[in-house]
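Presented below is the structure to which this report refers.
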Amino acid sequence: GSSEADNSAVSAGAVYVFSRDGAGIWTQAAYLKASNVEAGDQFGRSVALSGDTLVVGANGEDSDGSSEADNSALSAGAVYVFSRDGAGVWTQAAYLKAANAGTGDQFGTSVSLSGDTLAVGANGEASDGSGEADNSASFAGAVYVLTRDGAGVWTQAAYLKGSNAEAGDQFGRSVSLSSDRLAVGALSEDSDGSSGADNSASAAGVVYVFSRDGAGMWMQEAYLKASNVDAFDQFGISVSLSGDTLAVGANGEDSNGSSAADNSALGAGAVYVFSRDGAGVWTQAAYLKASNTEASDQFGASVGLSGDTLVVGANGEASNGSGAADNSAGSAGAVYVLTRAGAGVWTQAAYLKAANAGTNDQFGFLVALSGDTLAVGALGEASDGSSEADNSAGDAGAVYVWD
């Protein structure tokens, strides 16, 4: 944290804030570090931005919650909140820990911010649901909801578990807040869909939807499975909730696109869209595949939903950018934009590649959509910043913006 050029704290992590001017030019506006920078904290593992508030997850942070300087709970995880003032300066406003911070919980693996409500996923949390102090179910996972009062103080308002919490489910690997609703992905949950107690489909995955009532209480509203549940599909690796529509990524789904029952394209990936009706019932409304579905593409590794636009990342897609049928650049990655017509039908509207698509760039590992602006992360991109054609800095990473 001493300077941007310092490299003494391996995997400490950092967050960079960019701002766009009236001419559409993006400029780095801030370089942010945690107040208690340390190696391995992975500050920046997750981020959420809303207005003048930025939330940053550091799932490798090691404090037990007693103080920022404590390091007795390896990878307990922490979340940092930054605020921007009128002069455009970002300052750390809060350092947040789970009430039951414990070793390996990875609090901050996922974050989602909606106004004064923050959801934080801790996919390594080990309670079986009987209580926050229980640690009998390793990697069952938990989600914490925090709310901010008028004085800017954040308080833990809810501690959420899936109705069928079990070891290894990784509940909270993904979270998405939309007003008074919260979607939580548990990509390693093992039910085949017949019941929450069934465990015959390892890592099939599930998504839970919670709703908040007028008294501020959160209750589980839905337990959602894919229509074609299969082992290792990892349904729920990504979620994006927008009003009464929910998109769920399953990057391990194996269909080649000919039918949902087909399993000939291992790890091709799929995205499922659910809709909520007036009675509050969630129903699968669409099963989406890439136009150039192929094994290992991991379509659905990331999803971003805004109104009638859905963006899907496929970080394993192998085209070098010359065409969708090309497979010369393994894990270069691609992003697909789909739009919904009035009848609820989704159609692929765009197939996006990085201008400098390269092997193992993993373009599409993360996506974020806000209005008509799309940001795509490529964590394996290898340029040192001198040019897009440079590949001298393996896994340096890059972000691409479309508008």
Side-chain angles (χ1 to χ4, degrees), residues 15 17-20 29-30 32 44-58 78-86 88-99 107-122 142-160 172 174-185 207-222 238-247 276 280 282 303-311 366-375:
V15 168
V17 181
F18 294 80
S19 59
R20 177 173 50 188
L32 305 177
R45 170 64 179 82
S46 58
V47 292
L49 179 64
S50 179
D52 292 319
T53 302
L54 170 65
V55 176
V56 181
V79 167
Y80 303 78
V81 181
F82 293 82
S83 295
R84 178 173 53 186
D85 64 20
V89 177
W90 291 91
T91 306
Q92 186 176 311
Y95 164 78
L96 306 176
K97 298 287 290 188
F107 177 86
T109 288
S110 59
V111 292
S112 185
L113 180 64
S114 180
D116 293 315
T117 303
L118 168 65
V120 180
V143 168
Y144 302 78
V145 180
L146 300 98
T147 53
R148 177 172 52 185
D149 64 20
V153 177
W154 291 90
T155 306
Q156 187 173 307
Y159 164 78
L160 304 177
S174 60
V175 292
S176 182
L177 264 175
S178 181
S179 188
D180 292 318
R181 282 196 166 71
L182 168 66
V184 179
V207 170
Y208 304 82
V209 180
F210 295 82
S211 60
R212 176 170 52 188
D213 64 20
M217 299 294 293
W218 289 88
M219 299 293 292
Q220 186 175 311
E221 174 180 278
S238 60
V239 290
S240 187
L241 179 64
S242 180
D244 293 323
T245 304
L246 168 65
R276 181 177 174 272
W282 289 90
V303 290
L305 181 64
S306 179
D308 293 317
T309 302
L310 170 63
V311 178
L366 291 172
V367 294
L369 181 63
S370 178
D372 292 322
T373 302
L374 166 65

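Please read these numbers as outputs of a predicted model, since none were measured by experiment.
With a 4.5 Å cut-off on side-chain heavy atoms, Leu160 and Val184 do not count as touching. Proximity of Val175 to Val120: side-chain heavy atoms (C-beta onward) are nowhere separated by under 4.5 Å. At least one side-chain heavy atom of Val79 sits under 4.5 Å from a side-chain heavy atom of Val111.
Remark: Arg276 engages Arg181, Glu221, Asp244, Trp282 in a side chain to side chain contact (heavy atoms under 4.5 Å, CB included) (not counting sequence neighbours). For the side chain to side chain donor-acceptor pair (under 3.5 Å) test, no residue two or more places apart in sequence or in another chain qualifies with Thr309.
Arg45 approaches Gly108 most closely through the heavy-atom pair CG-O, 4.3 Å. Across Val143 and Gly172, no two heavy atoms sit closer than the pair CG2-CA, 3.7 Å. For the pair Val367 and Gly304, the tightest heavy-atom approach, listed with the atom from each and the gap, is CG2-N, 3.8 Å. Heavy atoms only, all atoms of each residue included: Val145 and Trp218 are closest at CG1-NE1, 3.7 Å.
Taken to the nearest 0.5 Å, the CG atom of Leu54 stands 6.5 Å off from the CG atom of Leu32. To the nearest 0.5 Å, atom CG of residue Leu241 and atom CG of residue Leu177 are 8.0 Å apart. Expressed to the nearest 0.5 Å, how far OG of Ser83 lies from CG of Asp52 amounts to 8.0 Å. To the nearest 0.5 Å, atom CG of residue Leu96 and atom CG of residue Leu118 are 6.5 Å apart. Here Ser238 contributes atom OG and Leu305 contributes atom CG; the two are 11.0 Å apart, rounded to the nearest 0.5 Å.
Aromatic ring pairs are classed by plane angle as parallel below 30°, tilted from 30° to 60° and perpendicular above 60°; the pair Phe107 and Tyr144 is perpendicular.
Counting only distance, with no hydrogens or angles, the side chain of Ser114 and the backbone of Ser178 share no donor-acceptor pair below 3.5 Å.
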